Amino acid sequence: MKQLLIFKPLLYLLALVVFASCTKENIEEASATSQITVSLKSSNHSVGKMYVDIQDVQIRINENAHDSDVWMSLNTINQGAFNISDLNENTPLLLVDNFNVEGHYVYEIRLVLGYNNFVDINSVLHSLDIENTTPSNLVEMQLNSKALYDVVIDVDLEKSLTFNHEESKMVLSPKLYTSIRQIKY
């Protein structure tokens, strides 16, 4: 029983040391993050059903685009081939849900696409050759800490799809428009 009385103050001391090790800087760093939600929608739906293979959403946080650590992945939750023709203002596809990111200056946002892209024209599937597997948009804005941002990427389907007559193939070169709203501060 006496041994328990000796260990009790040691446990209190250990608990005090653990709690005291959380410095004000650590607490401030945790609260200095922003949250980003990214959705995808499409416009100009006269093309037919277009399926796009989405692999990732990334932001460029470094001014020099050639640095190795320039792009940050935003932890895309919906990956794979999606019929983006069905996506509109009322039914966007959620790609990133409240991802925490430090208050960086963001230069650019991009979609990383896979190679499983096709279009359905008159019930016939046509494979799409990709001109650019990482279409992007300039953003150029400072993310404020403790803020929530809603990013909507709009793909213009008509401008994104072309036909290469020389090679007789459909080419996908996504034309993106990005809107960013700061929802909470």
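All values below were derived from every heavy atom in this structure, side-chain atoms included, with hydrogens, water molecules and symmetry-related copies excluded. As the structure is a prediction and not an experimental result, all values here were calculated from the model.
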Are [X] and [Y] packed together at the side-chain level, in the sense that at least one heavy-atom pair is separated by less than 4.5 angstrom?
| X | Y | value |
| --- | --- | --- |
| H104 | V101 | yes |
| W71 | E108 | yes |
| I109 | V151 | yes |
| L172 | E131 | no |
| P135 | L113 | yes |
| K159 | Y177 | yes |

Between [X] and [Y], is there a shared hydrophobic cluster once you connect ILVMFWY residues whose side-chain heavy atoms come closer than 4.5 Å?
| X | Y | result |
| --- | --- | --- |
| V70 | L143 | no |
| V124 | M170 | no |
| L94 | I153 | no |
| I180 | L74 | yes |
| F99 | L93 | yes |

[X] and [Y]: which non-hydrogen atoms are nearest, and at how many Å?
| X | Y | answer |
| --- | --- | --- |
| S160 | K175 | OG-N, 2.9 Å |
| D56 | N75 | OD1-N, 4.4 Å |
| G114 | Q55 | N-CG, 3.5 Å |
| V57 | T76 | N-OG1, 2.8 Å |
| V52 | N117 | CA-OD1, 3.1 Å |
| N78 | I54 | O-CG2, 4.3 Å |

Please report the interatomic distance [atom1]([X]) to [atom2]([Y]), rounded to the nearest 0.5 Å.
| X | Y | atom1 | atom2 | value |
| --- | --- | --- | --- | --- |
| L148 | S34 | CG | OG | 9.0 Å |
| T178 | D154 | OG1 | CG | 8.5 Å |
| N88 | K41 | CG | NZ | 8.0 Å |
| S179 | D150 | OG | CG | 7.0 Å |
| Q35 | I183 | CD | CD1 | 10.0 Å |
| D120 | L125 | CG | CG | 5.0 Å |

Tell me whether the count of non-hydrogen atoms from other residues, nucleotides or ligands lying under 6.0 Å of [atom1] in [X] goes above 12.
| X | atom1 | result |
| --- | --- | --- |
| Y105 | OH | yes |
| Q79 | CD | yes |
| E140 | CD | yes |

Under the criterion side chain to side chain contact (heavy atoms under 4.5 Å, CB included), which of D129, I130, L128 is the partner of Y115?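 Going through the options one by one, the only one that passes is I130.
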
For T37 and N98, test the side chains for any donor-to-acceptor distance below 3.5 angstrom and give the result as yes or no.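 Note: T37 and N98 side chains meet the donor-acceptor criterion.
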
Kindly say whether K146 contributes a backbone atom to a donor-acceptor pair with the side chain of T33 at under 3.5 angstrom?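 Side chain of T33 to backbone of K146: no pair is present.
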
Counting distance only, does the side-chain N/O of D156 pair as donor-acceptor with the main-chain N or O of E158 below 3.5 Å?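 Side chain of D156 to backbone of E158, a donor-acceptor pair under 3.5 Å: yes, one is there.
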
Apply side chain to side chain contact (heavy atoms under 4.5 Å, CB included) to Y149 and M141, showing your working. CA-CA 11 Å; Y149 292 92; M141 72 175 292; 3.7 Å; yes

For side chain to side chain contact (heavy atoms under 4.5 Å, CB included), just list the numbers for I84 and L40, CA-CA rounded to whole Å, side-chain angles, deciding distance to a tenth of an Å, and then say yes or no. CA-CA 8 Å; I84 64 171; L40 181 70; 3.9 Å; yes

